[in-house]
Student: 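Quick one: the structure is below, questions incoming.
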Amino acid sequence: MKATARAHTNIALVKYWGKRDQELILPQTDSLSLTLDPFYTDTTVEIDPTLAADQLSIDGNQVDPSKMGKVERVMDTIRSWSQQNHFARITSTNHVPMSAGLASSASAFAALAAAGAKAYGLQLARRDLSRLARRGSGSATRSIFGGLVQWHRGHDDQSSYAEPIMEKLDFGLEMIAILVDTSAKKVSSRGGMQLTVKTSPFYKAWKEVVQTDMSNMLAAIKDKNINAIGHIAQENALRMHALTLSADPGFTYFDGDTIKAMHLIDDLQAAGINCYYTMDAGPNVKVLYDRRDRSLILQRLGDVFNPDRLVVASAGPGVTYL
Ligand SMILES: Nc1ncnc2c1ncn2[C@@H]1O[C@H](COP(=O)(O)OP(=O)(O)OP(=O)(O)O)[C@@H](O)[C@H]1O
Ligand SMILES: C[C@@](O)(CCOP(=O)(O)OP(=O)(O)O)CC(=O)O
């Protein structure tokens, strides 16, 4: 009747940018991410037979029923799979640095799927939890698992799930988030990717590029080659952001500080310090590197950006019950 789960956010190293089915959230391509240790969501789902609709509070604030579409999609699937009609009281806390603009939907929907499935008595394999989380938000598909995770595009609902490639990292891949701007974004990832699929003349090329990036990334991970991982992630991110510029109307998630951070990292690379950048659907820049270089990179980034805005993240675990 009641369950609490914790799930961590993730950063995509090969991006998911486009759906082929909006209802089931089936992606156009595979994607691959690193689950992040410091950023997570705790969610409790408690069935309450007296409720006439699901109720959700996030960080102590009641969410307006009109803004619960994604949550309802997950909860309705749980009700259908468990053949139960009751609604639930959902209480959630996001443990991410204050309004950091770090993918809260990935951890949110992975935690909701896990807590909801358990509260309704479903005993789901993690692969099916991943399919359930996918209905809330694509990136949540991957947050069921820890470490490096691949989301298979699949050919239907059954075959589109995430799978861990390396749950416990045995090499030094690490990330620093540069929080250049933490206000809400103007173009949601959902809307942004839909516009891109519909209007970018480059979308066909993106799908081909992701196939190549995925196989190169899997090989780089197998070799534990952080420089290759970083390089492929950086190129893949740039290509995703080139897609947004090529949409009609074109748009970008970058702001001036995003470009400033990219130039800084380019300069560090040119000076022989191995670090690489990637950006999701927002202006914040995530730097990938080998953890043995952490203090040097933190120091160089701290010369330009406020050290309070630099957050170190290593690989995080998969979903757990509390
Ligand atoms: N703990 C939570 N439980 C349920 N829903 C949540 C929770 N936290 C955030 N959400 C929902 O997730 C959505 C926010 O995700 P959104 O995709 O806009 O941004 P994001 O996840 O920070 O970035 P990204 O585009 O990279 O995924 C909102 O609809 C919000 O209501
Ligand atoms: C740039 C991304 O972070 C986009 C994530 O998009 P979402 O998972 O937030 O989108 P919806 O499926 O519409 O909820 C890339 C990624 O995480 O792979």
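Whatever order the structure lists them in is the order used to number ligands and atoms, beginning at 1. This chain uses plain numbering: 1 for the first residue, then up along the sequence. Below, all heavy atoms of this structure are taken into account, side chains as well, without hydrogens, waters or symmetry copies.
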Student: With a cutoff of 4.0 Å, is Phe109 in contact with ligand 2, counting heavy atoms of the residue only?
Tutor: no

Student: Please verify whether a non-hydrogen atom of Arg134 lies at under 4.0 Å from ligand 2.
Tutor: no

Student: Students should be able to answer this: which protein heavy-atom is nearest to atom 14 (O) of ligand 2, and at what distance?
Tutor: Ser137 OG, 2.6 Å

Student: For ligand 2 and Arg190, I'd like to know whether there is a polar contact (N/O to N/O, distance under 3.5 Å).
Tutor: yes

Student: Under a 4.0 Å heavy-atom limit, does Ser92 contact ligand 1 with its side chain, its backbone, both, or neither?
Tutor: side chain

Student: What part of Arg142, side chain, backbone, both or neither, has a heavy atom within less than 4.0 angstrom of ligand 2?
Tutor: side chain

Student: Should the proximity of Ser189 to ligand 2, defined as any heavy atom under 4.0 Å, be assigned to the side chain, the backbone, both, or neither?
Tutor: side chain

Student: Run the side chain to side chain donor-acceptor pair (under 3.5 Å) check on Gln28 and Arg20 step by step: do they pass?
Tutor: CA-CA 5 Å; Gln28 291 273 359; Arg20 62 188 204 280; over 6 Å; no

Student: Going by distance only, is there an N or O of Ile25 that falls short of 3.5 Å from an N or O of ligand 2?
Tutor: no

Student: Closer than 4.0 angstrom: is that true for some heavy atom of Leu112 and an atom of ligand 1?
Tutor: no

Student: Regarding Arg142 and Ser31, is there a side-chain donor-to-acceptor distance under 3.5 Å anywhere?
Tutor: yes

Student: Considering only the protein, which heavy-atom contact is closest to atom 6 (O) of ligand 2, and what is its distance?
Tutor: Met193 CE, 3.4 Å

Student: Out of all atoms in ligand 2, which are within 4.0 Å of some heavy atom of Ala12? Include the element for each.
Tutor: 16 (C), 17 (O), 18 (O)

Student: Can an N or O of Asn94 be found at a distance shorter than 3.5 Å from an N or O of ligand 1?
Tutor: yes

Student: Examine ligand 1 and decide if any of its atoms is less than 4.0 Å from a heavy atom belonging to Lys185.
Tutor: yes

Student: Could you list the atoms of ligand 2 found under 4.0 angstrom from a heavy atom of Ser139?
Tutor: 7 (P), 8 (O), 9 (O), 17 (O)

Student: Is there a polar contact, in the sense of an N or O pair closer than 3.5 Å, between Lys70 and ligand 2?
Tutor: no

Student: Give yes or no for whether the N/O distance cutoff of 3.5 Å, strictly under, is met between Ser137 and ligand 1.
Tutor: no

Student: Is it true that Ser105 lies under 4.0 Å from ligand 2, counting heavy atoms only?
Tutor: yes

Student: Tell me which protein heavy atom sits closest to atom 15 (C) of ligand 2, plus the residue, atom name and distance to 0.1 Å.
Tutor: Tyr16 O, 3.4 Å

Student: For the 3.5 Å polar cut-off, considering only N or O atoms, please tell me whether Ser105 and ligand 1 meet it.
Tutor: yes

Student: What about Thr43: any of its N or O atoms under 3.5 Å from an N or O on ligand 1?
Tutor: no

Student: Does ligand 1 have any atom that is closer than 4.0 Å to a heavy atom of Ser188?
Tutor: no

Student: Ignoring hydrogens and geometry, is there a side-chain-to-backbone donor-acceptor pair from Thr244 to Phe251 under 3.5 Å?
Tutor: yes

Student: So do the side chains of Met75 and Ile90 get within less than 4.5 Å of each other, counting heavy atoms only?
Tutor: yes

Student: Cation-pi check for Phe109 against Lys70: NZ or CZ below 6.0 Å from the six-membered ring centre and within 45 degrees of the axis, yes or no?
Tutor: no

Student: Near Lys19, which atoms of ligand 2 are under 4.0 Å from a heavy atom of that residue?
Tutor: 11 (P), 12 (O), 13 (O)

Student: Is the His95 ring parallel, tilted or perpendicular to the Tyr40 ring (thresholds 30°, 60°)?
Tutor: parallel

Student: Would you mind running through ligand 2 and noting each atom that sits below 4.0 Å from a heavy atom of Gly138?
Tutor: 8 (O), 11 (P), 12 (O), 14 (O)

Student: Report yes if Ser104 has an N/O atom closer than 3.5 Å to an N/O atom of ligand 1; otherwise report no.
Tutor: yes

Student: Looking at Ala281, which atoms of ligand 2 are within less than 4.0 Å of one of its heavy atoms?
Tutor: 1 (C)

